[in-house]
Amino acid sequence: MNSIPCMIMRGGTSRGPFIHMTDLPDSQEARAQVLLDLMGSGHPLQVDGIGGGNSLTSKVAMVGRSSRPDADVDYLFAQVDVTERRVDFTPNCGNMLSAVGPFAIETGLVAPTYGETRVRVFNINTQRIIECFVPTPRGRVEYEGDTSISGVPGSAAGIRLSFLDVAGAKTGALLPTGHAIEQIEGVDVTCLDAATPTVMIRASDLGVDAHADPAALDANSAMLERLERIRCEAGRRMGMGDVSQSVLPKPILLSPAVGEDGTLCARYFVPQRCHKALAVTGAIALGAAVNVPGSVAHRLALETSRVEAGNPLASMRIEHPSGHLDLRVELRDGNPMDIARVSLIRTARKIMDGRLYYRMPDAIH
């Protein structure tokens, strides 16, 4: 039986193994086979691996020293399907990203500084740089703290993430179709790419409420079928081709916020099931969309007086099934189409450090 060094970590509201790139096969096909076996994919409980039987706990982060002058480490994310023997290397995961900095310091890829250590991460999936500011008060990673994030019990040390130049992460443009709003199947949608490609829809236009429990939305088969048709057409219009076998673009249903401090209420799909919280990349896309005049998110925020016409919104709170996520958006010269950075606070925790064992078909060795 083969084995591989691994650190299991929680990053934000996700969890999975963190692995050095040099410990994995070079080819993507062989790498995917290793990940499938490590996670136990092909069984709903992933009982023969370390996956948790849920998309939020069936994720892998691969990290290595970067050769780029503007980055310290490279980060490749993989979404490993639970029931199908399939690995998707196209999306990014901002929640897992929050543990990349701690992992890089823990494994010697980045030397810590006293107080706080900045780790510059190049995300291979999106070809973008993210700055991670990790608490290192005594020259080592501090996980304990008083920062709480929705969807995670207890508190931990806050890790600040700043995503730089998020527009066009996959398609090369913030608005890949050239429109802030358009219609698909008679419904107004916004196709927007910031940190990840998304298609945003007012929930009421699909006969549902974005405050609904994720389980209720997952049980609405007619709505899910329509949402998937809209998603696939959005992917085609965004220049992504046939996306029926891809998790991108991600659909987001929107409703007015409930809390006084809320900007919007969102239900994020991954893509055929409703996320129990909110992906960081999805939140970044929403942060960008709220500032794009005419978008579904901007119109909804205008109607509920959460944003003023002509005035960019720097700070916002997105409500989701587990609570809320706060963002800060910085535009260059106030231009909503030129996003300098989007920042937010996450937490992470080291859970296990050791070796994982896997079986490998002879043809892949």
Side-chain angles (χ1 to χ4, degrees), residues 1-66 73-100 102-104 106-107 109 121-127 170 196 243 245-248 250 270-273 275 279-281 348 350-365:
M1 208 172 209
N2 299 287
S3 68
I4 192 170
C6 162
M7 189 177 289
I8 296 177
M9 304 188 77
R10 174 186 63 77
T13 56
S14 297
R15 189 192 73 224
F18 282 67
I19 301 169
H20 276 286
M21 289 182 184
T22 53
D23 290 325
L24 287 164
D26 291 331
S27 81
Q28 184 163 296
E29 178 190 5
R31 187 176 288 175
Q33 291 301 314
V34 172
L35 301 187
L36 287 166
D37 202 75
L38 290 177
M39 302 306 284
S41 294
H43 185 279
L45 297 179
Q46 294 178 305
V47 70
D48 205 31
I50 63 167
N54 185 285
S55 63
L56 301 185
T57 53
S58 189
K59 300 180 175 187
V60 180
M62 293 151 278
V63 184
R65 200 179 303 277
S66 183
V73 295
D74 294 335
Y75 157 56
L76 176 65
F77 169 73
Q79 181 70 60
V80 184
D81 199 282
V82 174
T83 57
E84 301 293 329
R85 300 281 293 176
R86 184 173 67 225
V87 180
D88 196 341
F89 293 98
T90 57
N92 179 25
C93 178
N95 276 300
M96 289 286 279
L97 173 67
S98 60
V100 169
F103 175 78
E106 292 266 17
T107 57
L109 293 173
V121 179
F122 176 67
N123 179 225
I124 295 173
N125 308 78
T126 62
Q127 301 288 295
K170 280 292 180 183
T196 191
V243 298
Q245 299 302 309
S246 172
V247 299
L248 300 177
K250 297 288 181 67
V270 289
Q272 281 87 30
R273 296 183 67 84
H275 200 298
V280 167
T281 48
K350 180 170 65 171
I351 296 173
M352 187 281 294
D353 188 7
R355 300 190 72 86
L356 281 177
Y357 291 84
Y358 63 95
R359 293 166 298 186
M360 201 63 175
D362 291 337
I364 302 297
H365 278 296

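Values reported hereafter were calculated over all heavy atoms of this structure, with side chains retained and with hydrogens, waters and symmetry mates removed. Computed from a predicted model, the values in this text were never measured in an experiment.
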Could you pull out every donor-acceptor pair under 3.5 Å between side chains of residues 58-65 and any protein atom, sequence neighbours left out?
unit_1 : atom_1 : unit_2 : atom_2 : d
S58    : OG     : Q46    : NE2    : 2.9
S58    : OG     : V80    : O      : 2.6
K59    : NZ     : S14    : OG     : 3.0
R65    : NH1    : L109   : O      : 3.0

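A heavy-atom distance below 4.5 Å is not found between the side chains of V280 and L97. Proximity of Y358 to Q33: side-chain heavy atoms (C-beta onward) are nowhere separated by under 4.5 Å. Two residues are said to be in side-chain contact when any heavy atoms from C-beta on lie closer than 4.5 Å; M21 and I19 fail this criterion. The shortest side-chain heavy-atom distance between S55 and R273 does not fall under the 4.5 Å cut-off. Taking 4.5 Å as the limit, some side-chain heavy atom of H275 sits within range of a side-chain heavy atom of T13. Between P17 and L356, the closest side-chain pair of non-hydrogen atoms falls below 4.5 Å. For the pair V247/V270, no side-chain contact is recorded, criterion being any heavy-atom separation below 4.5 Å from C-beta on. Contact annotation: the side chain of M39 approaches that of I50 to within less than 4.5 Å [non-hydrogen atoms, C-beta and beyond].
Here D353 contributes atom CG and F18 contributes atom CZ; the two are 12.5 Å apart, rounded to the nearest 0.5 Å. Rounding to the nearest 0.5 Å gives a distance of 4.5 Å between CD of Q28 and CZ of F89. With values rounded to the nearest 0.5 angstrom, Q79 atom CD is found 11.5 Å from L35 atom CG. Rounding to the nearest 0.5 Å places SG of C6 at 12.0 Å from OH of Y357. R15 contributes atom CZ, which lies 9.5 Å from atom CE of M96 (distance to the nearest 0.5 angstrom). Distance check, rounded to the nearest 0.5 Å: CG of L248 to OG1 of T281 gives 8.5 Å.
Judged by distance alone, with hydrogens and angles left aside, the side-chain atoms of K170 form a donor-acceptor pair with the main-chain N or O of T90 at under 3.5 Å. A donor-acceptor distance shorter than 3.5 angstrom exists from the side chain of R31 to the backbone of P25, with no hydrogens or angles considered. Of the possible polar contacts, one joining the R85 side chain to the S41 backbone as a donor-acceptor pair under 3.5 Å is found.
Considering only residues two or more places apart in sequence or on other chains, D81 meets the side-chain hydrogen bond (donor to acceptor under 3.5 Å, both in side chains) condition with R86. Take F77 and apply the ring pair (Phe, Tyr, Trp, His ring centres under 6.0 Å) test, not counting sequence neighbours, and it matches no residue. Scored by the side-chain hydrogen bond (donor to acceptor under 3.5 Å, both in side chains) test, N123 finds N92, N125, T126 as partners (sequence neighbours excluded). Taking T57 as the reference, nothing meets the side-chain hydrogen bond (donor to acceptor under 3.5 Å, both in side chains) condition, with sequence neighbours excluded.
The minimum heavy-atom distance between A99 and G11, with the atom names listed, is CB-CA, 4.0 Å.
Sorted by first and then second residue, the salt bridge (Lys or Arg N to Asp or Glu O under 4.0 Å) pairs with a member in residues 32-53 read D48-R359; sequence neighbours excluded.
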